[in-house]
Each structure stands twice: as C-alpha cells, then as structure tokens.
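Below is one structure, written out as structure tokens, with a few remarks after it.
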Amino acid sequence: MESSSIKKPLKDGPNWEHNEEVPRLPGETRVTDKEVIYMCPFNGPVKGRVYITNYRLYLRSVESDTVVILDVPLGAISRIEKMGGASSRGENSYGLDITCKDMRNLRFALKQEGHSRRDIFELLTKYAFPQSHNLPFFAFLNEEKFPENGWLVYNPMVEYRRQGLPNDQWRVTFLNEHHALCDTYPSLLVVPYNTTDDDLKKVSAFRSRGRIPVLSWIHPENQAVITRCSQPLVGMSGKRNKDDEKYLEVIRDTNGQLSKLTIYDARPNVNAVANKATGGGYESEDAYPNAELLFLDIHNIHVMRESLKKLKDIVYPHVEESHWLSSLESTHWLEHIKLVLTGAIQIADKVSSGKSSVLVHCSDGWDRTAQLTSLSMLMLDSYYRTILGFEVLVQKEWISFGHKFSSRIGHGDKNHADADRSPIFLQFIDCVWQMSKQFPTAFEFNEQFLITILDHLYSCRFGTFLYNCDSVREKEKLSEKTLSLWSLINSTKAKYVNPFYTKELNRALYPVASMRHLELWVNYYIRWNPRIRQQQPNPVEQRYLELLALRDDYMRRLEELQITNNPRLSNSSSSSSSSSQMMSHVQTHF
Amino acid sequence: MEFAELIKTTKVDNVVFSHPGLEPVAGTLCITSHHLLLSGSREQNQIELWLLIRNVDAIEKRLANSSCSLTLKCKDLKVLHLEIPGMEECLNVASSIEALSSVESVMMMYPFFYRPQSMRLAGGGRQPHALEKYYQQVASRTGAWRLSVVNEDFQACPSYPALVVVPSSVDDAALRKSARFRQGGRFPVLSYYHKKNGTVMLRSSQPLVGPHRKRCPEDEGLLAAALDGRSRGFVLDTRSAQAAKQAKMMGGGTEHRSAYAGWKRMHRALDRGRPLQESFVKVVETCNDPSLTMDRWLSKLEASKWLTHVKESLGTACLAAQCMEREEACVLVHGAEGMDTTLLVTALAQVILDPCRRTMAGFQELLEQEWIQAGHPFHLRCARSAYSHARLKQESPVFLLFLDCVWQLGRQFPLSLEFNEAFLLALFEHSYASPYGTFLCNNEKERKLCNVEGKTHSLWPWIHSERQKFLNPLFAPNPLVIWPSVEPQSIFLWQGLFLRWVRSSHYIDEAWTEIQKIARNHKAHLEHQSGAASTQTEAQTLSKVETNAHL
C-alpha cells in the first residue's frame, strides 16, 4: 500500500486529470473535497485538492510539473488538530495538522477567509474516528470481493491436530465456549488430560482475568510444551492456591521429564514485585518448588510507546543528521527489540532441549506473552514461516488469545492520548523482520507482506484486527460482516512471496540477538522520506524472480521440444516423468 | 639478511589452534620464511591452515604455568589463537613471527618468492598500461588531450607514472614548470573524461602558493587549457577552507580566483592520515568487543566515526560527479599531497558516473589507473592494520574506505555492479598482505626500481581465474548515473568486513550460492538457445535498471 509517492508526470499529461478518478473501493463513498496546500516536508508546499471518502484521505496536486499523490486510509489517523487561527499571520499558517499512526504527520494549509476549514475538519474527524461518532468501521461497509476467504485460514481444531493434539497427555476443552471461564480467551482451549473442567475453574480464580495456563505449542518429538497465562493473584500477603500449584505440577509432568517447569516472567523483576501491590505477583519458590522462575526484563506497554514516539521524533519529517546513531540509541527501540528476541530465543532453546516445558506470562498475558510465545513458535516450527502458517500464528497467538488490538491501536477512536495505546504488535513484526534478515531463505513471505500487515493493522478496511477479543468479535459477527486481511493477501499471494525461500522442515532458527546484528527497519520506519533510498519492490528479489520465471519458461520449452523431437515420448505420462527428471537437475536445494 | 636468522624454531608439535568458527584443533605448527603452517586433524578431517606472516598485525602473549598462548591478530581482521606447550618454545615462536612480520625491505617480501607452477612471470613482455588504454578511448572522442612522456624518468613528479594525460595545447616544458609549483610535483592531469558531455575531472596536489601569494603562469595556463573553452570549472579541495588557509603558511595553499579565471573553489573536509587510522582502529575494536551490550553499541559505533567518513566520502564524490553531470563543468580535485582523499574522490566519482567502471574489468582498470599508478602509497598506508601496537607512521586505511564506499553503492544498487562483496574483501586483503606484487611499493618509480613487474605475479590473473566467485549473479548493466543516498540512515556498517570473523554468514552465503547457480543456469540456457525469442527475453530482462534516488 504505497501511500505517498512522487511520480514523474505521465506522458499524456493534459488528459491525465480527467482520466484518473480518485481510487475507490467497492462500498467506499465520497464525503467531501477541498482545495488545500499540502505542506510536504520534503518538497515544500504543494497546491492540491484533497478528497475525503469514508475510507481514505486522497490528495492530488494540481500543478503539472511533478504529480504529488497522497493516499492515506483514515484508520491511520490518530489525531486531527487545527493549526493557527483566523487572524494568524504568515503564509500557510492556517489549516489542519494530522498525526498518523504509521510514522508520519500531514499538514494542510487552507485559505483563511470564511472559516474554510470548519467543514472539512468536522467531516474528517467524524469519518476518521467512527467509533466516537456512532458510525461503523469501514470494514463493515467494504464490499470488495476476493477469490479467497481469509476467515477460513485459522481453524483452531485443525491447527491443534497439525500439532498432534489431542494426545494422551493433552485434551481439547470447550469449557470456555461462551467465554464464561475467561472472556478474553478463545472458546477452544488445550489443557492437560488429567485436569478436569472443575479444576480449571478453580485455577481461573487465581489467575488475573481468569487467563489460566493453556497450551500454545507442543514439540513434536520431545513433547515439551509452551504454555501461556497471566500472573498469579498472589498479592501483598503472598496468597497461595493449591489448585494452581497442582495444575502447574501436572503441566510439568506431561513431557515425562523429571526436571523443573520453567516459568518465564516477561517483566523486569522489580515490576513483578510491584505488581503484588495491585494483587498480582509471581510464582514463589515456596509455593512452586518444582518450578524455576526467570525474569526476562521486558518493559511494559508505556515504555514501548514512549520509545516509538522518540523514534518517530528522530525520523520524521527530518532525520537526525549529526548524531544519528546515538540518537537512535537513545530511543532504546532496538534495545527493546533485542530483549524480546532474547526472551523468545531462551524459550525456544529450553523447549527444544527437551528437558523442560515452559510457562510464559507477564501481567495480563496478552502483550509481552503473545510476543514471546509467537516468536519462539516461529523459531521452532517452520510451518509458521510460511505465509499461511504465519497467518495462523497471528490469528492464534494474537487475535484469538486476546491481544487488545482495539485498545492498543485505538481503531476509530479520537482519544489519541489514551494510556492503553502501545506498538506491541509492531514490535513483534519488527522482530520477525529482524529474523528474516538473518535467515533470508527461511521465510516464505517477504518484507512487503509484513508492511502490508502493518498497514492494515491501522486501515480498518478489514475486520482482522478489530476489537479486543473473540467474545466481542462473535457478538459483532465480525466474520460474517467484514472481510479478512488474509483474503486480500492470499488472493494476490505472488506479491508477498520471498523468492529465496526454501522449504526446510523442522529446523529451529536461533537469530543472533546481539545489538550489532540488529538494524533499524529503514524501509518501514523511514519509508516516507524520499531521500532514503528504497526500491519497492526490492530489485534483488525482482531480478531473482525474473530468473526463476525464465527457468520455468525454459523448462517448459525444453519439455515441448522433447515432445516434438521424440514422438515416442509424446504420450503424457512419459513426458512428464522426463521433465521431472530434468527439473531435479536444476532444482534448488538450500 | 637471511630468513633463517629470524626463525628461532621451525616446528612445534602439539599446538592447539582455533579461531572464531573453527573449534580448537591439535596439530603441528611450522614456520617458514613467509608462512605459518598449521596442520592437524579432527575426526578424520585433515585441517590445514596457511597464514601469510605478512598478514600478522599484532601478536599477544599470555603465559600461564607451563603452557602459553599466543593470539595472532591479522591485517584482514581475523584473530587466531595458538596454545603452545613450553614457555621457551612459545616465546621463540612469538619472536620469530614478530621478526618475520616486520621485515621492511620490499624485495624480501613474499611476492618476490612466490612461484606457483601454474603461472609464468610476465618477464620482458610489458603489459599495456591501463592509462594508455583509457587514453585511446578519450582520444577517439576528442583531440584536446595528449599522452605525455614528460615524467618518463620520474623527474617531474616522482609519484606519477611515466605516462600522463594532459591538455594537447600544453607542452612538456610548461608541465615541468607547473610540477615545480605543485607539492611533490603532482601537476594537474586528466583523471576522467565524461563521455556524455565532454567535461573532465583532473587531479593534482595543492599549489605552492605560500604566504606571499606566489603564482605560476604555466600552472594557470594548464588549468585554463583544461577548460577547453568552457566557462566554468570547480576546484574541489578536500580540506576545509580553514585548513587550506593554514597550509599557506607552510608554503602550500589553494588556487586563487583572480589567478585562475573561470575556476571556482569548494571545500569539503575529508579526514585522512591519523584521524582515519584511529577511526579504523576504533570501529574494529567496537566490533570485536563482546562486552559491548545493547546500551553502548550504537554510540560506540558512532564515536568511531567510521560511518561518518564513509558518508562524507560518498557525499564529496557525489558533489564532484554532480559538477560534471548536472552543472556540465570541469572539476579539479586536490587536497594537500593529492594521493589519498583526492584519489578516493576521483575514483568514487567515476564509479558513480560511468557504467564502464562498474564492470569487473573496468573496476580493475580504475584501481590500476586511479590508485596504483596514480601513486597512492600502499606500502606506507597499508603497513599496519587495525590491531598493531606499533607506533603509527603513515598508516591510513584510505583504500579500505574507498572499498567500503563502493560496497555501500553495491548495497544501494544491488544490480549495478558486476562484482560482489567477496571481490571487495579480496582487494582489501591483498592490499594489506598478498602473495602478488600488485599492491607493493608506493609508486611506479619504486616499482620500477624493484622490478615488481618482472619479479612478481600480478593479482589480476588470479582474480580472473577465480572470476566466478567474484561475480554478482544479479548484475544487469545500468547505463545511468547511480546517485547514492548519503543520509546517515542509508549508510550501513559493512558487516561482511567488520563482523566477518564475529558472525556466521552461513545462511546468507547459501542464498547467494543458490542465486549464482540459478543465474548461471540461465546464462547456459541463453547460450544454448539461438534465435530471436531468447535474445528478446534477455533484452527485456536487462532493460530493467535500477532507478535513481533523490539526491
């Protein structure tokens, strides 16, 4: 979704303006349009006309030498402010200031006379923040049609069966079908075979928001598992709960090893202690003698939000020139990435060693926990490195287990300063990008896939990331009334395929999480700046794809030649066998 | 001098050796006059390691009880650990390596002894100069330039080659006078002719203006002739205006506007010499320091200033290129001596402007012409690398900085260079320690004295024999000027060089090998198929070239 681009004027310049309509999706309706001056931070003021629909803000310049186009989904807007007053002096000092969630800001100057901005301000605010104005999300109005149905991508039963579940140690329970046990969990859960539903209910009383330990992933060979939950409700008095203690003991037992259960508390030690004051806490050694507790030192959502804000300050609109690296360092963004990756590596390593199962939690178990379980699963299970598998991973560990997308992103909400906002999911995608940099052949998807996911994390064109948890989604009938982002992606899959991908089963990937191997994701964070070279699509990928296509073409022609040259081979079965022989010759093995 | 005197022990058994990426292996160490040979075996695998002693930059000893360990830090940034039984043996090994690695005489260096069976010395048959070849190209387009033999005996300028290209209208007597007015005799000569619009790039050293504003009519005439009727030229001084002014007090200086009509001065300060060497030492130190965790890595990297040097160099080269391509003006580049940053800028600008310089052969000619024959003092600059504890003399990684800049170009234009990272790494290694004579000595005069051409092998035939390894499989000739982005966010640490021995590049190498295979298959197919269809496909593929960034 290329939203701001500066294009050379087309050859048939004069006709262009009449021919090109403002792009519109089925279901997208026009709201208003207006003459404005776009205060482009890179090229100076640009005269243009801005078109507002119920889905996007679209600007096209009217001067003919270079065409400036701006195409921003309204969902990406986090804040709209008036700049200057009717009596402001100075050129272009009166207008609108728009802050976006995708690392850019827009500024439009308007004519000062006649309250010219009042209408556009009100309409823009109304459609950019539909939830604050009792309007539906655009996703509910979208009438696009796709050959693929993305809502069918994730079926929990199929996914658990793929993992070999249920088995003699783990069973599937529908206890949470009506979200009575835990309103932020999915209806289908995998729990130890020997624990009854009654036991689970008792455990839920001792876990914050009823988020009990459940299975996320099981190692196909050594049966060690990754389980996830929220913090135990220990409190200042150091409460204990026999059912919870017994439950963790059962989990520890399932892989038939004698070693301790490893509990990864994603928080820094001090924060975990501080949580006791609000009734939370962590598993003490006394109460859980067979568990080993490790803190992973990952900071909370507020720290991450501030870090990203600092990052935006140094990359938009103008990149910090003189002390780029030290100012990048002072944002701590890469440092946080490193800590998340390091935590995930520890978990993956523990599980693949087969010595112990792990339990992961933070406070509520929907932010850092989701990052850690999903990243460690990505390292351990090559299925999640395919396009489909990654969609399943996001659906499962993030969407179904109640990462609060609505609160973290603030879809359609005018409350831009809400303390619940935080770029946790972005951070996860950044970690995935870092891994894909280090293992260029291990992922079926490319950078564009990740950027597309992030663009639609905000756009509200699809239902995929709307709302906080499954219980609300079911109530809103999301899968009936909206489209899934995976419908778009799976229908145009070729765009998102990494040509270097080579399928390799069951190899655990351990990225190097040392700072010197982490890079700022320039193609995402600084993509609006035309001075930073970025070529989309990536020329190396492009060239490689061309070569692969040529190869396939030659193979096909060779096959044809063989058929025509050798009449004996012209029946279909033998010709296909000969071509497959040839194929194996040039087949890629890596 | 006999090498035998320097070798205190020739063979030690039961040595355990290791380096990052190689698990410790026990075996035998042999010391010859130019090599360390380590051989051992593990699990039936014979492991043999040859190390050119010239490659050893620093040697550190750690003594403990009866055994002793040596750490050899190499000029190619590799670090090798040896554990040697017996204190005395160990000290002997150390002092032998120390003595052998610091032999100063060029004639005693390995290239003079390297005689592989498969290669024959060039002997008398002189290869045509890269410069002569280049002059033929220029001469085919314009008569404004001539090949002069004024420096045949290296009298006019000891650091210039015998042949130089100068304006046709300037005679040798004037050249000699101009040489006397330039530091080290480096009078303005042609570096590059821009075919597209006929503008030229010249290079020289600073004029010896001095505190009394001396002038030299022949020098002024030379630059006037270089303009060849054009109204404008730019003098790109690679020092700050301040530094240029200070140089006047020492007898140097820069071109005065009043004396050189049409020439406008610009200053772009580029560090060289000691600050650059220190930056190199720091960046390597930072990359090798395992204790540097997340909170200090980036600021340390920044403090090393290496990336700033890269950015400034690219920026200055872009400026020179811009003057020619966009302003249609001539350029004269110089700093003080005109053999470090000057060459960096003229060579880089050519890679940016000229697609011919981005091929394997063209780049090799560029190195010959703009670095080796142009008199970059490799012997002095590359005597020591980033680890040495020895007192620094004239060491400075200007050439490495150039290679880094080219790597950045390759990163930003992944299809436009015919060669790959491995090629740049090989050039880096061979410029510091090599069995070949190509990078020996400081200039043509010295090379002639030592008969480098007759007594050593050239690097290029070897490069050619290993060509497949050094080709960029995705190369698609790009006829455009490649303007790099020089924002700090676009400049990256060259991991393949600086983290080469720290990280494992296994997965990335695998991917490239595979691309290479596919590209080769593609080529083979094309060669097998004659006919319009295939050429058409190729033309289509090749027509897609990388686009320019906004500068």
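Throughout, a chain's letter reflects where its sequence line sits, starting with A, and its residues are numbered from 1.
Neither the backbone nor the side chain of B:Phe498 comes within contact range of chain A; no heavy atoms are under 4.5 Å apart. With a threshold of 4.5 angstrom between heavy atoms, B:Leu493 does not approach chain A through any atom at all.
Each of A:Pro440, A:Ser326, A:Ala442 has some count of heavy-atom pairs under 4.5 Å with chain B, and the biggest count is that of A:Ser326.
Residues A:Leu334 and B:Trp297 have side chains not in contact (no heavy-atom distance under 4.5 Å, counting atoms from C-beta outward). Residues A:Glu519 and B:Gln495 have side chains in contact (heavy-atom distance under 4.5 Å, counting atoms from C-beta outward). Counting only heavy atoms from C-beta outward, the side chains of B:Leu499 and A:Arg516 approach each other to under 4.5 Å.
Considering CD of B:Glu487 and CD1 of A:Ile526, their distance stands at 9.0 Å, rounded to 0.5 Å. To the nearest 0.5 Å, the span separating CG on B:Leu298 from OG1 on A:Thr331 amounts to 8.5 Å.
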Inset, instruction - Could you walk me through whether B:Ile491 and A:Trp324 pass side-chain contact (heavy atoms from CB on, under 4.5 Å), step by step? - result: CA-CA 11 Å; B:Ile491 307 293; A:Trp324 162 243; over 6 Å; no

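Other residues, nucleotides and ligands contribute more than 12 heavy atoms inside 6.0 Å of the NZ atom of B:Lys311. The environment of A:His323 atom NE2 is sparse: at most 12 non-hydrogen atoms of other residues, nucleotides or ligands sit within 6.0 angstrom.
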